[in-house]
Amino acid sequence: MLSEEQRKKLIEGAFAAKKGSYSPYSRFPVGAALLTAEGEIVKGANIENASYGGTICAERTAIVKAVSEGSRRFVGLAVVTNVPSSISPCGMCRQVLREFCANEMPILLVPGDYPRPLKENETPEKGYIEGGVRLTNLAELLPDSFGPEQLELPREES
């Protein structure tokens with residue numbers, strides 16, 4: 001579980017990362033921030049390409065930066081867009097995250113209008129925390145996933 005301070009750092013990091021987005025085609029900037037096991041925040045933004053297929057999502061930007069610099073263990077992720085609701089990572093990003101992150105790793109899906117104040121006597125919806133943030137994890141976003149540990153399973157000789 002993430003502490004309040006860790007959540008705050010991740011959310012701030014995701015907003016800061018979004019400023020680096022290069023999204024002239026979709027006009028859909030995304031920022032992501034990963035928290036390493038060592039306590040470092042690694043930021044990533046989506047970087048689009050005129051060929052579309054060459055586009056790299058914010059979540060993959062962050063994880064590739066972190067892994068290429070030697071980090072292999074992560075304890076949290078925050079993702080933010082300009083949309084006033086929580087937006088989940090795409091399927092490809094989920095699978096790349098699965099390579100390096102535990103299924104139980106907390107993922108904060110932050111609305112673009114964060115922090116969303118609660119009305120008097122209102123409590124956050126199930127699965128949401130303060131500010132309108134959806135708190136989830138990789139297992140919820142990628143059920144029945146395939147990960148590195150499956151490659152270690154015994155196989156039948158053919």
Side-chain angles (χ1 to χ4, degrees), residues 2 6-116 127-129 131-153 155 158:
L2 297 171
Q6 289 172 317
R7 287 195 310 265
K8 183 179 178 194
K9 283 176 59 176
L10 275 170
I11 291 169
E12 288 172 355
F15 274 101
K18 186 175 63 150
K19 292 177 184 172
S21 172
Y22 176 75
S23 47
Y25 307 107
S26 71
R27 293 177 192 61
F28 198 86
V30 181
L34 268 171
L35 178 60
T36 69
E38 299 79 31
E40 180 185 353
I41 297 286
V42 180
K43 297 178 271 191
N46 56 324
I47 309 299
E48 294 182 347
N49 188 281
S51 72
Y52 296 127
T55 293
I56 302 170
C57 298
E59 300 89 337
R60 283 184 285 142
T61 298
I63 198 127
V64 167
K65 283 172 61 178
V67 171
S68 69
E69 294 297 322
S71 292
R72 300 287 191 279
R73 294 180 350 172
F74 305 96
V75 296
L77 170 70
V79 180
V80 67
T81 69
N82 286 346
V83 175
S85 62
S86 57
I87 301 289
S88 180
C90 75
M92 188 180 297
C93 286
R94 294 175 196 198
Q95 187 61 49
V96 171
L97 290 166
R98 176 64 172 84
E99 184 71 20
F100 298 99
C101 305
N103 276 323
E104 300 76 31
M105 184 186 79
I107 298 176
L108 306 170
L109 304 178
V110 184
D113 62 353
Y114 175 88
R116 187 175 305 145
Y128 287 77
I129 58 175
V133 174
R134 178 173 171 215
L135 177 59
T136 187
N137 62 43
L138 203 47
E140 287 181 16
L141 296 179
L142 190 64
D144 301 320
S145 66
F146 181 84
E149 67 277 4
Q150 274 83 30
L151 295 175
E152 301 301 320
L153 294 173
R155 299 180 184 101
S158 49

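On a predicted model such as this, the values are computed, not experimentally measured, just so you know. Residue numbers count from 1 along this sequence.
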Legend entry - Val79/Val110 under side-chain contact (heavy atoms from CB on, under 4.5 Å): CA gap, chis, key distance, verdict: CA-CA 6 Å; Val79 180; Val110 184; over 6 Å; no
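- Judged as a side chain to side chain contact (heavy atoms under 4.5 Å, CB included), and not counting sequence neighbours, the contacts of Leu142 are Arg94, Gln95, Arg98, Ser145.
- Checked against side chain to side chain donor-acceptor pair (under 3.5 Å), Lys18 has the following partners two or more places apart in sequence or in another chain: Asn82.
- Summarising the geometry of Pro89 relative to Cys93, their closest heavy-atom pair is CB-CB, 4.0 Å, with the distance given to 0.1 Å.
- The two residues Ser88 and Leu141 come nearest to each other via the heavy atoms OG-CD2, 3.4 Å.
- Summarising the geometry of Ala78 relative to Ala14, their closest heavy-atom pair is O-CB, 3.8 Å, with the distance given to 0.1 Å.
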Inset, instruction - Check step by step if side-chain contact (heavy atoms from CB on, under 4.5 Å) holds for Leu2 and Leu108. - result: CA-CA 10 Å; Leu2 297 171; Leu108 306 170; 4.3 Å; yes
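- Closest approach of Ile41 and Ala33 over heavy atoms only: CG2-CB, 4.0 Å.
- Between the CG atom of Leu135 and the CD1 atom of Ile107 there is a distance of 9.5 Å, given to the nearest 0.5 Å.
- The side chain to side chain contact (heavy atoms under 4.5 Å, CB included) search around Ala102 returns Glu104, not counting sequence neighbours.
- In this structure, Ile63 CD1 and Cys101 SG are separated by 4.0 Å, a value rounded to the nearest 0.5 Å.
- When all heavy atoms are compared, the tightest approach of Ala45 to Gly20 is CB-C, 3.6 Å.
- Shown here are the side chain to side chain donor-acceptor pair (under 3.5 Å) partners of Ser23, two or more places apart in sequence or in another chain: Ser21.
- Under the side chain to side chain contact (heavy atoms under 4.5 Å, CB included) criterion, Leu151 pairs with Phe146, Arg155, not counting sequence neighbours.
- By the side chain to side chain donor-acceptor pair (under 3.5 Å) test, Glu12 is found to be paired with no residue, residues two or more places apart in sequence or in another chain being considered.
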Inset, instruction - Starting from the C-alpha separation in whole Å, work towards a yes-or-no answer on side-chain contact (heavy atoms from CB on, under 4.5 Å) for Phe28 and Val83. - result: CA-CA 9 Å; Phe28 198 86; Val83 175; 3.4 Å; yes
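- Side chain of Asn46 to backbone of Ile56: no donor-acceptor contact under 3.5 angstrom is found.
- Results of the side chain to side chain contact (heavy atoms under 4.5 Å, CB included) test with Met105 over Leu138, Leu77, Asn137 single out Leu77 as the only residue that passes.
- The shortest side-chain heavy-atom distance between Tyr22 and Pro29 does not fall under the 4.5 Å cut-off.
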Side-chain atoms of residues 66-73: list all donor-acceptor pairs with protein atoms under 3.5 Å, sequence neighbours left out, distances to 0.1 Å.
| residue | atom | partner | partner atom | Å |
| --- | --- | --- | --- | --- |
| Ser68 | OG | Val64 | O | 3.0 |
| Ser68 | OG | Lys65 | O | 3.0 |
| Arg72 | NH1 | Val67 | O | 2.7 |

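- One distance of note links CD1 of Ile47 with OG1 of Thr55; it measures 9.5 Å at 0.5 Å rounding.
- Scanning for salt bridge (charged side-chain N to carboxylate O under 4.0 Å, His left out) contacts around Arg134 gives an empty result, with sequence neighbours left out.
- Residues that satisfy the side chain to side chain contact (heavy atoms under 4.5 Å, CB included) test with Pro111, not counting sequence neighbours, are Asp113, Tyr114, Arg116, Val133.
- For the pair Pro148 and Glu99, the minimum side-chain heavy-atom distance is below 4.5 Å.
- Within the model, atoms CG of Leu10 and CG of Leu35 stand 5.0 Å from one another, a figure rounded to the nearest 0.5 Å.
- Nearest heavy atom pair, residue Gly112 against residue Val80, reads CA-CG2, 4.2 Å.
- The salt bridge (charged side-chain N to carboxylate O under 4.0 Å, His left out) pairs that include a residue from residues 29-49 number zero, where partners must be two or more places apart or lie in different chains.
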